[in-house]
Amino acid sequence: MPELPEVETTRRGIEPWLLGARVDAVAVRERRLRWPVTARLARDLSGRSVESLERRAKYLLMTAGDGTLIMHLGMSGSLRVLEAPRPPGPHDHVDLVLSNGRMLRFNDPRRFGAMLWTRRDPMRHPLLRHLGPEPLGAEFDGDHLWRLSRGRRAAVKTFIMDGRVVVGVGNIYASEALFRSGIDPRRAAGRVSRRRYGVLADSIREVLAAAIKRGGTTLQDFTGGDGQPGYFAQELNVYGREGDACRSCGGPIRQTVLGQRSTFFCQRCQR
DNA sequence: CCCGATTCCTGTAGGC
DNA sequence: TGCCTACAGGAATCGG
């Protein structure tokens, strides 16, 4: 599924084909995404040229003319640039026909994704305005986590997955970062020390940066082949490894549920 | 404000 | 082998 690294990989992969291109036509075959695709989307976009493609959290922001298309891949969405128009397959919900002969195609089997047009400053959009800092940006560090967590009784894993705290930490990377930093995911966020939040912030950055490198693999078959295989599975230390031996101490990896999400950890290495 | 539960959806893993 | 159910997950939103 698209985590922050894959969204960033998508952005880098499609940006060169979009910048400067004019949107000549829009085909919407399925409007029922996370929020309905408006009937006016084609009119809003057509005739406008793409000026930028940026990422904020897991949102992609395509600015064209007087507005911005806010896109989210949800859990199963993908964006591809096709070299030439091709008949749509299952779950190919939206196409943007570009003036350079290419086509941007949005595919999303589970339809948790989104495509919203806004003429306002996208950063002020209700979906974006309360988002926390980018984990790879300068404002994110251990002190930020520590300050926000004082008095909070929710589990530290739930806390770092809250987009108002820090964006882009999905279920997989939350478990992985907590393992790397030796923190029990069930521990109350307010009971993690300032020092340990420093380690955790570093771990979050490291695990996401490593995953962006792996995203480069996906980049290669971007315009051509199929989607993302499980190429990061082999680097995972705890996620999906319940009952397997901890790579550090040999003890069993345990699974529990926090915030309705499966959570993996090593009882011996994480306190 | 804070926090846990619910909701959207469909491909697929697992059980029988 | 095949069917059926449970589960997976991002994140908004609801309810307490």
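Keep in mind that what you see is a predicted model, and the values were worked out from it rather than measured. Each chain gets a letter, A, B and so on, in the order its sequence line appears, and its residues count up from 1. Because only heavy atoms are used, hydrogens play no part in the values below, and waters and symmetry mates are left out as well, while side chains stay in.
- Listed candidates were dT6(B), dC3(B), dG10(C). Nearest to the side chain of Glu3(A) is dG10(C).
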Return a single string for nucleotides 7-14 of chain B, one symbol per nucleotide in 5' to 3' order, where B is base contact, S is sugar-phosphate-only contact and - is none, cutoff 4.0 angstrom on heavy atoms. -BBBS---
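- For the OP1/OP2 pair of dG10(C) and a distance below 4.0 Å, the side-chain nitrogens and oxygens of His72(A) include no atom meeting the criterion.
- When the P atom of dC1(B) is taken as reference, atom CZ of Arg153(A) falls 18 Å away, rounded to whole Å.
- Pro16(A) and Gly13(A) make their closest contact through CD-O, 3.7 Å (heavy atoms, listed as atom of the first residue, atom of the second, distance).
- Looking at heavy-atom distances under 4.0 Å, Tyr59(A) makes contact with sugar-phosphate atoms alone, never a base.
- Proximity of a side-chain donor or acceptor of His93(A) to a complementary backbone N or O of Pro109(A) within less than 3.5 Å is not detected.
- Looking at Asn107(A) and His91(A), their side chains come closer than 4.5 Å, going by heavy atoms from C-beta outward.
- Distance from the side chain of Thr158(A) is smallest to dG4(B) among dA8(C), dG10(C), dG4(B).
- Atom pair Leu131(A):CG and dA11(C):P shows a separation of 9 Å (rounding to whole Å applied).
- Computed from coordinates, the Met75(A) CE to dC7(C) P distance equals 16 Å when rounded to whole Å.
- The pair Asp202(A)-Arg180(A) does not meet the salt-bridge criterion, since no charged nitrogen lies less than 4.0 angstrom from a carboxylate oxygen.
- When rounded to the nearest whole Å, the span between CG of Leu236(A) and C1' of dA8(C) equals 15 Å.
- Closest-nucleotide positions on DNA chain C for Asn171(A) and Trp35(A) were compared, and the one nearer the 5' end corresponds to Asn171(A).
- The nearest whole Å value for the distance from the NE2 atom in His130(A) to the C1' atom in dC1(B) is 13 Å.
- Rounded to whole angstrom, the span from the CG atom of Leu33(A) across to the P atom of dG10(C) amounts to 18 Å.
- Each of dG10(C), dG4(B), dA12(C) was ranked by its minimum atom distance to the side chain of Leu127(A); first place goes to dA12(C).
- Contact between Arg55(A) and Glu8(A) at its shortest, heavy atoms only, is NE-OE1, 2.8 Å.
- One atom, CE of Met161(A), and another, C1' of dC3(B), lie 15 Å apart when rounded to the nearest Å.
- Side-chain atoms of Gln270(A) come within 3.5 Å of backbone N or O of Cys266(A) as a donor-acceptor pair.
- Side-chain contact between Ile183(A) and Lys157(A): absent, with no pair of heavy atoms (C-beta onward) separated by less than 4.5 Å.
- Atom-to-atom, OH of Tyr173(A) to C1' of dG10(C) comes out at 14 Å; the value is rounded to the nearest Å.
- Computed from C1' positions of five pairs at each end, the angle between the two local axes of the helix from dC2(B)-dG16(C) to dC16(B)-dG2(C) equals 50°, rounded to 10 degrees.
- A donor-acceptor pair is defined here as one N or O able to donate and one able to accept, closer than 3.5 Å; such a pair exists between the side chain of Ser149(A) and the backbone of Trp146(A).
- Leu200(A) is listed as a side-chain neighbour of Leu178(A), based on a closest heavy-atom distance under 4.5 Å.
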